[in-house]
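Have a look at the structure below before the remarks.
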Amino acid sequence: MTTLVERKLTTQKAIAEAIAQEMERDDRVLVMGEDIGVYGGIFGATEGLLDRFGPDRVIDTPISETGFIGAAVGAALHGLRPIAELMFVDFFGVCMDQIYNHMAKIHYFSGGAISVPMVLTTAVGGGYSDAGQHSQTLWGTFAHLPGMKVVIPSNPYDAKGLMISAIRDDNPVLYMFHKGVLGLGWMTHNPRATGSVPEEAYTVPLGEAAVAREGTDVTIATVGLSVHRALDAADLLAGDGISAEVLDLRTLVPLDKTALADSVRKTHRLLVVDEDYRSFGMTAEVAMTAIEEAFDHLDAAPARLAVPDVPIPYSRPLEQFVLPDPESIAASATSLIRG
Amino acid sequence: MTTLVERKLTTQKAIAEAIAQEMERDDRVLVMGEDIGVYGGIFGATEGLLDRFGPDRVIDTPISETGFIGAAVGAALHGLRPIAELMFVDFFGVCMDQIYNHMAKIHYFSGGAISVPMVLTTAVGGGYSDAGQHSQTLWGTFAHLPGMKVVIPSNPYDAKGLMISAIRDDNPVLYMFHKGVLGLGWMTHNPRATGSVPEEAYTVPLGEAAVAREGTDVTIATVGLSVHRALDAADLLAGDGISAEVLDLRTLVPLDKTALADSVRKTHRLLVVDEDYRSFGMTAEVAMTAIEEAFDHLDAAPARLAVPDVPIPYSRPLEQFVLPDPESIAASATSLIRG
Amino acid sequence: MAIPKEHLVAMCSTMFKIRYFEEQIRQIYTEGKSPVFDIAAGTIPGEMHLAAGQEPVAVGVMPHLQPGDAITATHRPHHVAIAQGVDLNEMTAEIFGKSTGLGKGKGGHMHLFSTDPSFGCSGIIAEGMPTACGAGLAFKRLGQNNVAISFFGEGAANQGAFHESLNLAALWELPVVFICEDNAFAISVPKTASTAIADNSDRASAYGIPGVLVTDNDPVAVYEVAGEAIRRARAGEGPSLIEVKTDRLWGHFEGDADAYRADDFKQAMLDRDPIQTFPQRLVEEGLLTESEVERLRAEATEQVDAAIEFARSSPFPEPEDALLHVFA
Amino acid sequence: MAIPKEHLVAMCSTMFKIRYFEEQIRQIYTEGKSPVFDIAAGTIPGEMHLAAGQEPVAVGVMPHLQPGDAITATHRPHHVAIAQGVDLNEMTAEIFGKSTGLGKGKGGHMHLFSTDPSFGCSGIIAEGMPTACGAGLAFKRLGQNNVAISFFGEGAANQGAFHESLNLAALWELPVVFICEDNAFAISVPKTASTAIADNSDRASAYGIPGVLVTDNDPVAVYEVAGEAIRRARAGEGPSLIEVKTDRLWGHFEGDADAYRADDFKQAMLDRDPIQTFPQRLVEEGLLTESEVERLRAEATEQVDAAIEFARSSPFPEPEDALLHVFA
Ligand SMILES: Cc1ncc(C[n+]2csc(CCOP(=O)(O)OP(=O)(O)O)c2C)c(N)n1
Ligand SMILES: Cc1ncc(C[n+]2csc(CCOP(=O)(O)OP(=O)(O)O)c2C)c(N)n1
Ligand SMILES: [Mg+2]
Ligand SMILES: [Mg+2]
């Protein structure tokens, strides 16, 4: 029991603080994107930065994602360490070439001679009726393509530590924050979006999963807001006598195979939960990884629960139907255990 | 034993013939893309069409993929049935928004009221030292995103029948031809790229896999040029006393789960081979599908062989190292069976 | 003013309809979102981009349209859809997420699609422009005497799709009219911070097509310029680019604190609000009486109220219907 | 002509080096590809885009460069890389896929990257332009008195990235010079079938920056125009757009039958080949003697031969090295 008064921050403020501290520490860090200046980022990831660092380092851009993300790549090649924000990941289609053919590949093309130290931040996820072009997660799409790390924080502490790691990393890092974990005042209230965050800078390593809740009967592996859903599901399951372990993968690239295998060796059962589209995405990859790493320890085939292969629909009942929720996670886990 | 002299075509000519026959049959079909007119398509998919149908229906475009693929979408919404060619799939990053947020989603957004009958053709694959921006397959990327069918022919007969099905389909269809199966005079000679093709129009349904070679000990599931590699591997394996079944999935969306399960129920072992990047792609999806559909029939965990998660390198020894080949397929199959 | 009176009346009445519609949506949007604002909650959840103030751009184009003409619009689509005559009941029901909506509740307010009239919009900036080119291509190929109109914001004019679409339309001499709604802001980013030149109409010269600037947020000014552009397009003379200086009276989306626009900027917009000035002018010029204006306003109100009632009383789709309509 | 003699000599000698390099690559490319042409076979496999005829565009820029300046080029990059002084041995070795190459054999001829001098290229049309803006941004931010030069083809000028990059550079007054190599064709598609206006330099007005057309495929003409643009950029006066009418003497890539260009078009190019006319002119103007020209040619030959020897004798990378360098 600690008597210290711990400082609580929302995930959004933790992200903004991480960026601010790194900008303070390293003059080469700058931020660019749409509405990241006066507005502070549509999701607040750059709140307060303009006032503090001025328009030379906090640069509002035209709606030219290919232009400014490519400019971030070029700036990274020439001595800066840019952070570029793609407002919603759903917009990747207008600028993917710079992301996957340039940002992610130049280091390789150069035989390791040149690095591209930059962070691409982007908001992901649905659940608030923003429809099919503003509600996707798409991390499976990025994790499939080589050369960029893929980071997905689920809570304030990790958000800060992962952001600092991302900025200090010499590789391109895609930092995907789920709108539902940010603790924004205008989104559905989420108590897990606020938590203790040390004031000083610290890092959370890229490539290490975290056990968000220990359990013995089944591993629920997931990322982002679905970590919260899984925690709620674990509560439901506990009431039903099932002890679920929740594994927050935190980064998809690198994927922490060891932590996954360790958990599965303990629980012997794996449910992979995803807010991305089901097919050709995260669920199959994580499940197959567990099979490859710990086949003999599995008592049942891994199960998966994800958005079915449909665009995210607008209307609330439709959208809620396609998203994973605590009840559907608990039901999947139960049927995985009880058949 | 047939005494008929069968007409032999290369895959490339079979594709061009399919398009020509459909253009003949249906005035609403037109083709647009870079170098698809006078040049006949860099990979010959539109050979002869300009002479036959004229520049109003065979339209060379500027290098404006967002512009002309979007125009194809708009034309499909207004009574035409366009075929647009994205010269190499590697270029998807400059136009993905039109593909995945518009072409693939408008039908859904309209609640089924509006359809987008178009075909997007594109060349995929490596093996000839065209390096990291001209050698990818990326089908996993497209199959992950809902709303478009994904077709990958491996031989001339299928190429024609699948193309005709694609053109007649009322949905957007992505038709990905591997350069190595086309039978082009300037590519490495591939005897399987030439085969019997009926002159008259016929269809091969979208969503049905084909058993390219029957076997009893292991199923090798794959697509495109890797079907040929798998057939060669099956020869090697036969010499070693292993009977491999080669399953040509032919379309990834829809995925023929029944054929996959049927094959696995027979062979009890599955190796998924892919020329796309390994992680978060086809191999895990197909393997997990088999697990979901036929877990009790599997004698071992499915295995996968794919391009490791690196950009396609230029230099021959490097590229050959990352691509699957008959030897590595045979080795994977052998170790799957013999441990 | 050589504009037929019925066009002036139609423009005025449509402006009333749009404004009242936007006001109602604005109001209804707050239902279920207090005391705590939650974007996911209420009768209308999600993002909501309203076009109050931008009516002149939409209604000035409308009288020139003919059956079969196509329109593509943006994330801020209501004014254009209403002006074109998209079914108001179905459109409203879509915004309410109901099964009777244009998209059976799947699309929502940024994804309104209609075949008759042909209307579509997109939540991705500038990405409606290429599809307008495609509509134009289809009209040309099929010998239909139709035009496609592409609406987009001044923020969209710095997106690659703008350039590709303008070039394609000019090159192929497509019957397309590009209309830039310049409300001086893309969310919080002023045009001066996004656009290297003052007027996007000047960009027409990069494509060898006419570029016209409409400096007044005035239906009549838009009517005249759009009329000529549409005439050209229909006559096979190719595309045009029009930029209209207009006003977004409210925030970018509902819930936007709009702190990035100065108070005097906002006051100036209110002072010149076309929903006041345009009917006033028609009355002053003797084209309408005060009571005729009131009747138009009442009719507009009635239609919108009926549409909202339709939407409210319509059922939600069944949850499992989410799985339908991925493929035809 | 107020051009310092050493610049003229350097331009001439670099042209020799480029042309001889491209000729040698062209020759070596056929090694192992006969009697049957197989793109995957031989000493140099894969696509090969050579720039014979386009030397003036590259060499005219070069004398104005200073240490630290950055260049981005295209799928057709050799002439530019050589003019900038990218290490010829390492560049050649990369084209041969050797472990001593710029990218240790990973990149190949469309992916040549060098830090000193700062050179990069891309196989994706127009996508080198945004990175040039980024280099300019870094120079500005870091207070370096450097410029970034972005080369691209006339075909690239219809790609969205062109528009976004020009606007960004103009808006932020970046030290970037955009140089369009107009060889009138994008593979088989003539400029008239891709571009709605005749000269891309006219598109500069869409961004409020200088646009200059160089109508002669002449190093001196390029030198003068590029000099002014680079001066402006270095002085903080912002970007410029230059279009140079140049000639691609050979096919789009090696193996291209080039049937889409008329014989007289091709003959006319050969007749005005700058590799003949430029040295001739220097001799005629008394700036160089015939024997000096020959010495330059010989030196160029020697350097290229040495680079090719270096490449030939270098080892291939180990197959497993494919797994290295995905991440730093
Ligand atoms: C490609 C893309 N980038 C960014 C956004 C986010 N976004 C939505 S509306 C908007 C501003 C658009 O400004 P403008 O085009 O002027 O239209 P207005 O909102 O003023 O009507 C932005 C940046 C988007 N939807 N699509
Ligand atoms: C985005 C994209 N689209 C298409 C291509 C295929 N492609 C390679 S070179 C080329 C023609 C380029 O023409 P231009 O820009 O004029 O350069 P040039 O080859 O004449 O030097 C095309 C279409 C590509 N590499 N990238
Ligand atoms: Mg605007
Ligand atoms: Mg060219």
Side-chain angles (χ1 to χ4, degrees), chain B residues 33-42 50 55 59-68 70 87-88 90-95 97-98 126-135 179-180 184-190 277 307-323, chain D residues 33 36-41 44-47 75 94-99 101 103-111 122-127 153 155-161 186-191 193-196 252-253 255-257 259-260 316-326:
Chain B
E34 294 149 20
D35 304 286
I36 58 107
V38 177
Y39 204 102
I42 294 298
L50 177 64
I59 310 173
D60 267 333
T61 63
I63 310 173
S64 308
E65 285 86 356
T66 290
F68 77 77
M87 192 188 289
F88 287 70
D90 311 68
F91 310 157
F92 86 97
V94 303
C95 55
D97 188 69
Q98 282 300 327
Y128 63 102
S129 292
D130 214 359
Q133 292 176 341
H134 290 76
S135 302
K179 298 155 214 167
L184 297 169
W186 46 280
M187 286 265 169
T188 308
H189 179 65
N190 174 355
Y277 303 114
V307 174
D309 298 317
V310 309
I312 309 290
Y314 162 68
S315 183
R316 195 181 291 122
L318 301 177
E319 186 185 24
Q320 295 305 321
F321 179 77
V322 305
L323 296 180
Chain D
K33 291 198 185 67
V36 182
F37 182 93
D38 173 358
I39 188 171
I44 302 178
E47 279 183 75
H75 58 287
E94 186 62 26
I95 295 168
F96 279 64
K98 297 301 182 73
S99 66
K104 301 191 169 65
K106 295 205 152 94
H109 117 100
M110 286 189 272
H111 309 293
S122 173
I124 310 297
I125 295 303
E127 295 284 333
N158 301 308
Q159 178 70 225
I187 313 183
S188 70
V189 179
K191 193 180 189 185
S194 72
T195 312
H252 172 74
F253 35 41
D256 178 3
Y260 49 82
F316 277 106
E318 292 304 317
E320 314 78 53
D321 290 353
L323 304 180
L324 303 177
H325 308 308
V326 180

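Heavy atoms only: backbone and side chains are in, while hydrogens, waters and symmetry mates are out. Quick note on labels: first sequence line is chain A, next is B, and so on, each numbered from 1.
Heavy atoms only, all atoms of each residue included: D/I124 and B/D90 are closest at CD1-O, 4.4 Å. Of all heavy-atom pairs between B/G127 and D/A40, the closest is O-CB, 3.9 Å. D/E318 and B/L318 make their closest contact through O-CD2, 3.3 Å (heavy atoms, listed as atom of the first residue, atom of the second, distance). Between B/S315 and D/G97, the shortest heavy-atom contact is OG-O, 2.6 Å. Taking every heavy atom of both residues into account, D/H111 and B/A131 meet most closely at CD2-CB, 3.8 Å.
Heavy atoms of B/L184 lying under 4.5 Å from chain D are absent altogether. Contacts of D/V326 with chain B are made by side-chain atoms alone, with heavy-atom separations under 4.5 Å and no backbone atom involved. The contact between B/T61 and chain D is made entirely by backbone atoms, counting heavy-atom distances below 4.5 Å. Heavy atoms of D/K104 lying under 4.5 Å from chain B belong exclusively to its backbone.
The greatest number of non-hydrogen atom pairs below 4.5 Å with chain B, out of D/A259, D/A156, D/G160, D/G108, is found for D/G108. Ranked by non-hydrogen atom pairs under 4.5 Å with chain D, the options B/G126, B/S64, B/G37 are led by B/S64. Ranked by heavy-atom pairs shorter than 4.5 Å toward chain B, the options D/A157, D/A257, D/S122, D/S99 are led by D/S122. Looking only at heavy-atom pairs under 4.5 Å with chain B, the residue among D/L324, D/I125, D/V36 that has the most is D/I125.
Under the 4.5 Å side-chain criterion, counting only non-hydrogen atoms from C-beta, D/H325 is not in contact with B/V310. Within the 4.5 Å cutoff, the side chain of B/Q133 has no heavy atoms near those of the D/M110 side chain. For the pair D/P45/B/Y314, a side-chain contact is recorded, criterion being any heavy-atom separation below 4.5 Å from C-beta on.
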B/F321 and D/D321: CA distance, side-chain angles, deciding distance, side-chain contact (heavy atoms from CB on, under 4.5 Å) verdict: CA-CA 9 Å; B/F321 179 77; D/D321 290 353; over 6 Å; no
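The CD1 atom of B/I312 sits 12.5 Å away from atom NZ of D/K106, with the distance rounded to the nearest 0.5 Å. Atom CG of D/D256 and atom OH of B/Y39 lie 4.5 Å apart (nearest 0.5 Å). Put simply, CD on D/E47 and CD1 on B/I42 are 8.0 Å apart, with the number rounded to the nearest 0.5 Å. Note: D/F253 CZ to B/D130 CG = 9.0 Å, rounded to the nearest 0.5 Å.
For the pair B/S129 (side chain) and D/G46 (backbone), a donor-acceptor distance under 3.5 Å is absent. In this structure, the side chain of D/Q159 engages the main chain of B/I63 through a donor-acceptor pair within 3.5 Å.
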